[in-house]
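Only one structure is covered here, and it is reproduced in the block below.
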Amino acid sequence: MAKVKKTWPLHTRILAGLVAGAVGGIAANVAGASSPGIARGVETAIHYVTGPLGRVFLNLLFMTVVPLVFSTLTVGVAHLGDLKRLGRIGLRTLLFFLFLTSLATIIGLGLVAATQPGHGFDRATQDRLLETYRGDLAQRSQEFQDRGGFGVHTFVEIVPRNPLSAMVHMDMLAVIFFSLCLGIALTRIRPDLAGKLLGPLDALSEAMIVVVGFAMKLAPWAVPALIFNVTARFGLELLEKLALYVLVVFAGYALFQFGVYPLLISLFARLNPVWFLRRLVPVMVTGFSTSSSNATLPTTLKVAEEELGIPSDIGGFVLPLGATMNMNGTALYEGVTVLFLAQVFGVHLHLGQQVVVVLLSVMMAIGTAGIPGASLPMIMLVLAAVNVPPEGIAIILGVDRILDMGRTVLNVSGDVVTAAVVSRWEGTRS
Ligand code: ASP
């Protein structure tokens, strides 16, 4: 009799891997703390096994991002047809992004005001953390400056001088701008000519989605490896010191992910939120393990189209934009962190300054790139604007990677929520 081989569905295997990776990593961390021999063994395993495995997975995903954004966005825009419809969808998308981002920051601020995690943070711990992470901070600031920092040029360079160079450097806003222009232009030339380019681009976009499928086959092994790398190196002692802060950030994430999004999904997209969240699992897990909205974009596009039935022209327009501009988790995290550090340093922020924090956090979240740790330099700008010492960010640097994983889940989920809502508003899905 033939044996029926039972396998768990892919997302269950990825989730199980995530838990296994976390448990294994924490165990390795604890064991490493008590024996230098074990600690060296863990480092070797990270260096030769889990590190490379995680990087291969990330590279596979990143490999598809530029061709995918370029092709889906160009085809999406060209298929949206007339400029009036494109303008309407664009406006709705941007307004919904702004709404989500502002709401997230306000919730973050509210949570810190209610729980006051920064009060009672003792001076000695504060000094030690500042001392330990000063070097890291200097390096990050330098990298940010090397990339040109933040200023008028950040906006000017959305228009690329050279689209190929924008693609090579994964300068996503510039790639998006070029694709939008090309998509619009294709609606203005003879349809038979436009078709000659649209056909191959359509094929490229479909093929890239298949490649993402290959990468996802690796996910049940790569996700535990990525999580292991973080948790094995992560000092649990640090987590204890910052426990209340980390707890408030995660409470905010949970509230948004499992409260606000489901509410908006049933209210505006008229979908069953439980059904929606279940289908979102691969997106959430990929966001969590990669800490990168860009690396998650291919999965997001695949799930939106294949699982949620969001039309590809709307998904192809909203999702690449979202992966670059819509960072709800980042905004929430910024609200929490700025107010937390203000409390730690005993800086009182009056209402006007809190409004400044909201406005700046929204702007900075929009300017944050969809890569790991991208929001840290941006937070320093917000801190400086309200007279909280920006180097205070060093206090939370040690736990940031874990928080980054969580905020990326919100970032990518918010993109799909927006795509579902816009798609409903456009009447393209029942
Ligand atoms: N890692 C986040 C993302 O890719 C950005 C951030 O650092 O907040 O969405």
Side-chain angles (χ1 to χ4, degrees), residues 54 57-59 61-62 64-66 68-69 97 100-101 104-105 107-108 136-137 139-141 143-144 147 150 154 170-173 175-176 223 226-227 229-230 245-246 249-250 252-253 256-257 261 280 283-301 318-338 340 357 360-383 393 396-419:
F57 177 63
L58 280 179
N59 285 357
L61 289 175
F62 272 124
T64 62
V65 170
V66 169
L68 197 57
V69 168
F97 281 169
L100 285 178
T101 313
T105 318
I107 288 185
D136 266 11
L137 187 66
Q139 193 192 338
R140 275 178 186 278
S141 305
E143 282 166 10
F144 184 58
R147 271 186 269 124
F150 186 83
T154 314
M170 283 192 81
D171 197 348
M172 294 320 288
L173 273 181
V175 174
I176 286 175
V223 166
L226 284 169
I227 303 292
N229 296 343
V230 178
Y245 161 72
V246 173
V249 174
F250 270 96
Y253 291 163
F256 218 76
Q257 185 74 25
Y261 285 151
L280 209 60
V283 172
M284 287 159 54
V285 176
T286 313
F288 191 78
S289 54
T290 62
S291 287
S292 164
S293 295
N294 281 348
T296 312
L297 177 65
T299 317
T300 316
L301 281 163
V318 176
L319 298 171
L321 269 185
T324 315
M325 303 174 63
N326 183 42
M327 307 278 170
N328 314 137
T330 298
L332 191 149
Y333 162 80
E334 285 180 348
V336 172
T337 304
V338 171
F340 167 74
V357 172
L360 281 181
S361 295
V362 170
M363 265 180 64
M364 294 302 142
I366 294 174
T368 299
I371 52 173
S375 51
L376 287 171
M378 307 307 239
I379 295 200
M380 291 173 71
L381 299 176
V382 186
L383 289 170
I393 194 83
I396 54 128
L397 221 51
V399 287
D400 183 68
R401 189 56 212 265
I402 300 269
L403 303 179
D404 196 3
M405 291 158 56
R407 64 182 181 257
T408 308
V409 172
L410 266 72
N411 290 348
V412 292
S413 303
D415 304 339
V416 187
V417 170
T418 307

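Whatever order the structure lists them in is the order used to number ligands and atoms, beginning at 1.
Near N411, with a cut-off below 4.0 Å to any heavy atom, the atoms of ligand 1 are 2 (C), 3 (C), 9 (O). Near S292, with a cut-off below 4.0 Å to any heavy atom, the atoms of ligand 1 are 4 (O). Residue-ligand proximity, G373 to ligand 1, at heavy-atom distances under 4.0 Å covers atoms 7 (O). Taking every heavy atom of S291 and a limit of under 4.0 angstrom, the matching atoms of ligand 1 come to 1 (N), 4 (O). Within ligand 1, the atoms closer than 4.0 Å to a non-hydrogen atom of T408 are 1 (N), 2 (C), 3 (C), 9 (O), numbered from 1 in the order shown. Heavy-atom contacts of T330 reach the following atoms of ligand 1: 5 (C), 6 (C), 8 (O) (cutoff under 4.0 Å).
Assignment of A369 to the shell around ligand 1 is supported, since a heavy atom sits closer than 4.0 Å.
Looking at heavy atoms from C-beta onward, L301 lies in side-chain contact with L68 at the 4.5 angstrom threshold. A heavy-atom distance below 4.5 Å is found between the side chains of L173 and M325.
Considering CG of L332 and CD of Q257, their distance stands at 11.0 Å, rounded to 0.5 Å.
Each of N411, T105, T368 was scored for a side-chain hydrogen bond (donor to acceptor under 3.5 Å, both in side chains) with T330, with one residue passing: N411.
Nearest approach of S375 to E334, heavy atoms of both residues: CB-OE2, 4.0 Å.
Annotation: D404 places an N or O atom under 3.5 Å from an N or O atom of ligand 1; distance criterion only. By the 3.5 Å distance cut-off applied to N or O atoms, M327 is not counted among the residues near ligand 1.
S292 contributes a side-chain N or O that, together with a main-chain N or O of G370, makes up a donor-acceptor pair within less than 3.5 Å.
Side chains of D415 and T300: a donor-acceptor N/O pair is absent below 3.5 angstrom, by distance only.
For atom 4 (O) of ligand 1, the nearest protein heavy atom (residue, atom name, distance) is S293 N, 2.8 Å.
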Checklist entry - Can you list the steps and then say if Y333 with D400 is a side-chain hydrogen bond (donor to acceptor under 3.5 Å, both in side chains)? => result CA-CA 10 Å; Y333 162 80; D400 183 68; 2.6 Å; yes
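Residue contacts with ligand 1, taken as heavy atom pairs separated by less than 4.0 Å, do not involve N294 at all.
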